[in-house]
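What follows is a set of notes on a single structure, which appears directly below.
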Amino acid sequence: MTATHKGPVAIVTGGRQGIGQAVTDRLTRDGVTVEVFDIGCEASVDVTDPEDVAAAVSGVVRRYGRIDILVNNAGIFPHVAFDELDFAAWRRVLTTNLDSVFLCSKAVYPLMKQRRYGRIINVSSSAFFVGDFDMTHYTASKGGIIGFTRSLAKGAGRHGITVNSVAPGFIETPGVLASPEELALFDEIVSEQSIPRRGRPEDIAACVSYLASPEASFITGQLINIDGGHRFV
Ligand code: NAI
């Protein structure tokens with residue numbers, strides 16, 4: 001292992017675009033060294049693949065000797081009616097959105113525990129509160145993240161590690177803009193929000209930045225809904 005890097009180090013999954021990219025940019029501005037795990041990057045890391053995740057985390061540890069922050073953001077949101085949803089499509093969403101959270105958290109946890117410091121932030125979704133149409137697989141995966149967050153937070157706190165989730169509402173990202181089903185809902189949802197404008201990736205990044213900071217040391221197991229006041233939970 002190299003000498004420990006000066007300054008905090010973060011891993012952001014799915015950091016190539018959208019919310020993950022905004023989180024990466026924001027943490028970088030905060031003075032954090034950020035490593036992106038994304039299948040779309042040149043050094044592709046597939047967060048559903050245990051070997052890929054283990055190798056990528058080992059690389060970060062070799063380079064910096066520390067991991068202070070993990071943002072589990074990578075996710076997919078295909079709309080499929082329950083009648084048409086087969087087990088393979090169900091598994092693909094659960095693996096990408098939920099197994100990845102387990103794999104990445106599991107890989108960084110021993111080092112965070114050893115260093116008695118860590119911030120894990122998991123990106124859930126406001127879909128969990130509303131149970132969107134044709135999204136049983138997605139909503140189950142995002143609800144799973146909330147349960148995972150609460151349970152891990154209970155044991156991690158005594159090791160100086162906090163674990164929280166954020167639930168974005170409708171946020172304008174390349175993933176949403178590429179989905180006709182998502183786009184069809186956008187304006188209606190905006191009109192129902194207390195703050196009637198499209199959500200921006202930076203809105204989520206600002207909250208993640210706080211939860212990832214040393215100052216947020218007494219907040220754990222929480223879920224923060226960031227949806228322009230669409231639903232109050
Ligand atoms: P996006 O589709 O714009 O970007 C997702 C990124 O994740 C992409 O760069 C993609 O390459 C990466 N990715 C996907 N599968 C991967 C894998 N197996 N391994 C590594 N990287 C992978 O998505 P967006 O909108 O930025 O969403 C980010 C997260 O926020 C997702 O978990 C999504 O469910 C959640 N979310 C987004 C909302 C929105 O309105 N945009 C609302 C609620 C939650």
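Whatever order the structure lists ligands and atoms in, that order sets their numbers, starting from 1.
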Original post:
Is G199 near ligand 1, meaning one of its heavy atoms is under 4.0 Å from it?
Top reply: no

Original post:
Does a sphere of radius 6.0 Å around CZ in R115 hold more than 12 heavy atoms from other residues, nucleotides or ligands, not counting ones at 6.0 Å or beyond?
Top reply: yes

Subject >> Donor-acceptor pair between D227 and S126 side chains, under 3.5 angstrom >> reply: no

Original post:
Heavy-atom distance to atom 31 (C) of ligand 1: which of N73, D46, L177 wins?
Top reply: N73

Original post:
In ligand 1, which numbered atoms sit nearer than 4.0 Å to a non-hydrogen atom of V176?
Top reply: 39 (C), 40 (O), 41 (N)

Original post:
Below 3.5 angstrom, do we get any N/O pair linking S125 and ligand 1?
Top reply: no

Subject >> ligand 1 atoms in contact with I19 (distance to a heavy atom under 4.0 Å) >> reply: 26 (O), 30 (O), 37 (C)

Original post:
Got an N/O contact under 3.5 Å between T173 and ligand 1?
Top reply: yes

Subject >> Candidate with minimal heavy-atom separation from atom 33 (C) of ligand 1, of Y138, F37, F186, F128 >> reply: Y138

Original post:
Between the main-chain N or O of S141 and the side-chain N or O of N97, is there a donor-acceptor pair closer than 3.5 Å?
Top reply: no

Subject >> Numbering as shown, the atoms of ligand 1 that approach G14 to under 4.0 Å (heavy-atom distance) >> reply: 6 (C), 7 (O), 12 (C)

**OP:** Would you mind telling me if ligand 1 is within reach of the side chain of S124, the backbone, both or neither, using heavy atoms under 4.0 Å?
**Re:** backbone

Original post:
So is there a nitrogen or oxygen of I171 less than 3.5 Å from a nitrogen or oxygen in ligand 1?
Top reply: yes

Subject >> Main-chain N/O of V166 paired with N225 side-chain donor or acceptor, under 3.5 Å >> reply: no

Subject >> Residues in salt bridge (charged side-chain N to carboxylate O under 4.0 Å, His left out) contact with R116, at least two apart in sequence or another chain >> reply: none

Original post:
Would you say T96 touches ligand 1, if touching means a heavy atom closer than 4.0 Å?
Top reply: yes

Original post:
Which atom names give the shortest non-hydrogen contact between A156 and V163, and what distance separates them?
Top reply: CB-CG2, 4.1 Å

Original post:
Is K142 near ligand 1, meaning one of its heavy atoms is under 4.0 Å from it?
Top reply: yes

Original post:
Can Q193 and H230 be counted as having a side-chain donor-acceptor contact under 3.5 angstrom?
Top reply: no

**OP:** Could you list the atoms of ligand 1 found under 4.0 angstrom from a heavy atom of G18?
**Re:** 26 (O)

Subject >> Distance filter under 4.0 Å to T48 heavy atoms, resulting ligand 1 atoms >> reply: 18 (N)

Subject >> D25 bridged to R29 by N-O distance under 4.0 Å >> reply: no

Original post:
Tell me: protein heavy atom nearest atom 19 (N) of ligand 1, and distance?
Top reply: V47 N, 3.0 Å

Original post:
Under 4.0 Å from any heavy atom of V45, which atoms of ligand 1 are there?
Top reply: 19 (N), 20 (C)

Original post:
Are R91 and D99 within salt-bridge range, i.e. N to O under 4.0 Å?
Top reply: yes

Original post:
What's the shortest distance from atom 35 (C) of ligand 1 to any protein heavy atom, and which residue and atom give it?
Top reply: V123 CG1, 3.7 Å

Original post:
Considering residues, nucleotides and ligands other than R158, do more than 12 of their heavy atoms fall under 6.0 Å from its CZ?
Top reply: no

Original post:
Considering only the protein, which heavy-atom contact is closest to atom 11 (O) of ligand 1, and what is its distance?
Top reply: D38 OD1, 2.6 Å

**OP:** May I ask you to test the I121-L70 pair for a side-chain heavy-atom distance under 4.5 Å?
**Re:** no

Original post:
For H5, does its backbone N or O pair with a side-chain atom of R66 as donor and acceptor, under 3.5 Å?
Top reply: yes

List, one per line, each side-chain donor-acceptor pair under 3.5 Å for residues 7-21, sequence neighbours excluded.
unit_1	atom_1	unit_2	atom_2	d
T13	OG1	N73	N	2.8
T13	OG1	A74	N	2.8

Original post:
Which ligand 1 atoms are under 4.0 Å away from a heavy-atom of F170?
Top reply: 40 (O)

Subject >> F77: numbered ligand 1 atoms lying under 4.0 Å from its heavy atoms >> reply: 23 (O), 25 (O), 27 (O), 33 (C), 34 (O)

Original post:
Nearest to atom 16 (C) of ligand 1 by heavy atom, V23, L185, I39: which?
Top reply: I39

Original post:
For atom 1 (P) of ligand 1, what is the nearest protein heavy atom, given as residue, atom name and distance?
Top reply: Q17 NE2, 3.3 Å

**OP:** Assess R198 against F170: is NZ or CZ under 6.0 Å from the centre of the six-membered ring, and within 45 degrees of the ring's axis?
**Re:** no

Original post:
Would you call G169 a ligand 1 contact, heavy-atom distance under 4.0 Å?
Top reply: yes

Subject >> Minimum-distance protein heavy atom relative to atom 5 (C) of ligand 1 >> reply: G75 O, 4.0 Å

